Peer 1: 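For reference, the structure I am asking about is given below.
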Amino acid sequence: MARSRSKGWPDAPEPLPLPVVDNHTHLESVLAWRADGWEASSSLDAQLERAAAVGVTRMVQVGCDLAAVDWTSTMVGAHEQLLGAVAIHPNEAVRHAGIQEVAADGLDPEDPYETSLDEAFAHVAEVARDNDRIRAVGETGLDHFRAGPAGRAVQREAFRAHIALAKELGLALQIHDRDAHDEVVGVLLADGAPDRTVFHCFSGDAALARLAVSHGWFLSFAGPVSFGPNDALRSALREVPPSQLLLETDAPYLTVHPFRGRPNAPYLLPGTVRTVAEVTGRSVDEVCTSVVATSEAVYGRW
Ligand SMILES: [Zn+2]
């Protein structure tokens with residue numbers, strides 16, 4: 001017997017009136033997700049078709065562990081809908097550095113990797129340099145929820161190396177900032193942020209949004225902007241001009257209301273588009289148009 005439908009893939013939303021871009025998605029993890037309700041969900045072509053059918057015609061595929069970096073590099077070459085971002089995720093950096101400590105989340109640390117952080121980062125740099133469909137370095141940054149003191153120190157140096165790489169190659173930067181707002185801003189200002197710096201899944205308040213906007217950084221909002229308790233995030237959203245606003249699923253996580261807890265994929269971005277239109281008092285058409293223009297300003301045309 002099938003498991004409860006409440007855990008399965010949500011139905012496709014009503015199509016958007018205009019195309020839009022998903023600024024940050026992990027399709028390799030979407031395809032690995034096992035859920036009921038949609039048999040073709042483990043095919044990349046089916047995912048891309050289902051997204052396009054509701055207006056999500058293009059996306060930035062983010063590969064931020066070694067296997068996903070290679071998968072991303074291959075897939076962005078084979079599918080014109082996709083651009084890529086590559087990095088060693090801050091929590092992966094800790095594993096490559098061989099650090100095992102319990103952090104704020106209280107979970108047991110994950111096993112360390114054999115491959116050193118230097119080797120892993122060198123591979124990211126090579127892929128980013130050689131593949132012109134890789135247009136961003138990310139996600140990189142700081143995760144104070146998942147990392148303890150030794151891990152945070154490693155994350156900070158890895159973040160700095162990724163910033164330097166983005167600047168060297170003239171690529172955008174996608175930032176992961178979990179419970180580390182002040183420190184992320186501190187590193188960006190000390191080292192100098194790349195010209196196109198994006199806070200992926202922005203999670204700060206209105207004050208941080210104003211600060212980021214004032215520095216010319218881009219803010220990308222995901223499903224949590226639709227969650228009931230997140231008034232501070234909606235206040236932050238109202239501070240962001242359309243020319244610095246991006247939207248994303250961060251699939252397979254953070255599924256937009258009312259599907260929280262169910263698997264996420266790019267075809268569910270319309271719920272976030274509609275939430276953003278409502279919160280900002282703009283039309284859905286305006287949001288789609290500006291997100292496409294801003295995405296192309298950040299990543300170039302594709
Ligand atoms: Zn992500």
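Positions are given from 1 along the sequence. As the structure lists them, so they are numbered: ligands from 1, and atoms in each ligand from 1. Predicted model, so just to flag it, every value in this text is computed and none were measured.
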Peer 1: What are the two closest non-hydrogen atoms of Y267 and P10, and how far apart are they?
Peer 2: OH-O, 2.6 Å
Peer 1: Between E126 and R129, does any NZ, NE, NH1 or NH2 come within less than 4.0 Å of an OD or OE carboxylate oxygen?
Peer 2: no
Peer 1: Among the protein atoms near the Zn ion (ligand 1), how many are N, O or S and lie under 2.8 Å away?
Peer 2: 4
Peer 1: Taking atom types as modelled, is there a side-chain donor on H181 or D205 under 3.5 Å from an acceptor on the other?
Peer 2: no
Peer 1: Go through the structure and list residues passing salt bridge (Lys or Arg N to Asp or Glu O under 4.0 Å) with E119, not counting sequence neighbours.
Peer 2: none
Peer 1: Set out, in order, the CA-CA distance, both residues' side-chain angles and the distance that settles ring-ring contact (aromatic ring centres under 6.0 Å, His included) for F159 and H176, then state yes or no.
Peer 2: CA-CA 10 Å; F159 183 30; H176 171 99; over 10 Å; no
Peer 1: With rounding to the nearest 0.5 angstrom, report the CG to OG1 distance, L219 to T294.
Peer 2: 11.5 Å
